[in-house]
Amino acid sequence: MSTDSDVLFTPTRLGSIALANRIAMAPLTRNRALPDRVPTPLAATYYGQRASAGLLIAEATQISPLGQGYLDTPGIYSAAQVTAWKTITDAVHARGGKIVLQLWHVGRISHTSLLPEGEVPVAPSAIRADSKTFTANGFEDVSAPRALALEEIPALIEDYRQAARNAITAGFDGVEVHAANGYLIDQFLRDGSNHRDDAYGGSIENRTRLLFEVVSAVAEAIGPARTGVRLSPVTPVNDAHDSNPQPLFERAVERLDSIDGLAFIHVIEGATGGDRDNLPFDYAALRARFRGGWIANNGYDKASAAAAVTAGNADVIAFGRPFISNPDLVERLRTDAPLAALDPQTLYGGGEHGYIDYPPLG
Ligand code: 8OZ
């Protein structure tokens with residue numbers, strides 16, 4: 001079978017965001033926002049170097065201090081953070097790129113040492129995840145969470161809304177709501193972590209409610225055409241599990257589709273960063289339920305990416321780790337150049353090395 005890979009290098013749109021090509025940089029946690037969870041000037045260099053991606057999805061960024069779950073990840077809730085992010089979006093736009101911010105609340109995937117004094121992680125239910133996080137002491141078991149009270153949910157949604165506004169003030173072209181990988185919104189979606197008996201738990205309708213309300217609030221605040229969502233229907237990371245993900249995620253996508261003009265859905269197929277076939281799942285059944293743009297992710301190469309776009313299974317393919325070690329990934333894919341290998345030692349934390357010193361070709 002011959003596939004015309006030129007399709008990857010054609011322009012497209014996701015909502016109001018015009019992309020020069022079909023290759024996105026997936027959000028990648030790098031743990032270098034210090035001090036005070038503020039991105040540094042190195043981040044402007046890092047994202048600027050990668051601006052030839054059709055779309056950069058900036059690393060997961062907490063919407064509030066309680067939304068943090070790892071050491072030195074950035075926020076978008078303080079004035080200093082907004083100012084710092086503006087230098088990054090300026091660097092990307094100066095090079096003709098587009099960049100959205102991933103809005104993140106980790107829920108129960110956190111540790112008390114990362115949270116404001118006296119706080120514990122919040123979750124749909126007081127069930128500790130069988131998972132670890134990265135703190136000042138290295139990898140540690142996550143802390144036991146408390147269940148969010150029903151009365152706390154409006155303020156949580158308000159935090160997402162304000163974070164989205166802050167992202168636009170910081171010059172982002174839009175946002176991606178992180179509803180994947182076992183973090184707070186995903187914890188509400190799945191019956192493994194959501195044992196609530198109120199309007200946010202139990203039935204699929206109730207478990208998809210927080211997702212729907214958060215994305216509706218963000219879309220209302222900044223416009224649906226600048227709003228996307230990331231889902232990971234069958235990933236097991238961070239102790240995520242559900243007894244029946246197919247109908248759950250079909251309904252989740254239907255509800256997102258009911259928000260007129262939503263820009264995109266971004267789906268991690270299989271286990272995040274791993275096996276694409278860990279559990280059977282019909283992704284086409286999700287795609288068929290959504291009228292907006294579709295980003296697919298996880299383990300694609302040039303041939304499989306082109307095949308997916310050609311078949312209409314996705315509009316854009318997101319590449320994660322290859323973008324860390326190949327700032328010019330788009331050009332390398334286009335010319336079939338070899339890809340540089342990633343140094344896993346410099347993935348999380350540290351400074352310039354392994355961050356802004358991967359050279360482009362030539
Ligand atoms: C790797 C390490 C820390 C966080 C995700 C935000 O999985 C993450 C993440 C990934 O979505």
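Note that the numbering runs from 1 along the sequence shown for the chain. Whatever order the structure lists ligands and atoms in, that order sets their numbers, starting from 1.
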Member of R291, R289, R287 meeting the salt bridge (Lys or Arg N to Asp or Glu O under 4.0 Å) criterion with D257: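 Single pass found, and it is R291.
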Q.
Test ring pair (Phe, Tyr, Trp, His ring centres under 6.0 Å) on F264 and W294; report intermediate values, then the result.
A. CA-CA 5 Å; F264 66 86; W294 201 262; over 10 Å; no
Could R207 and F188 be counted as a cation-pi pair, given that NZ or CZ must be under 6.0 Å from the ring centre and within 45° of the axis?
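Geometry flag: not set, cation outside 6.0 Å or 45°.
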Output for ligand 1, non-hydrogen cut-off under 4.0 Å, lists T29, A60, Y70, W104, H178, N181, Y183, Y348
In this structure, is the centre-to-centre distance between the rings of W104 and Y160 below 6.0 Å?
no
| task | Would you list the pairs meeting salt bridge (charged side-chain N to carboxylate O under 4.0 Å, His left out) in which at least one residue belongs to residues 21-48, sequence neighbours left out? | result |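 Applying salt bridge (charged side-chain N to carboxylate O under 4.0 Å, His left out) to every pair that reaches into residues 21-48, excluding sequence neighbours, yields nothing.
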Margin query: Could you check whether any side-chain N or O of S78 sits under 3.5 Å from a backbone N or O of Q81, counting only pairs where one atom can act as donor and the other as acceptor?
Written below: yes
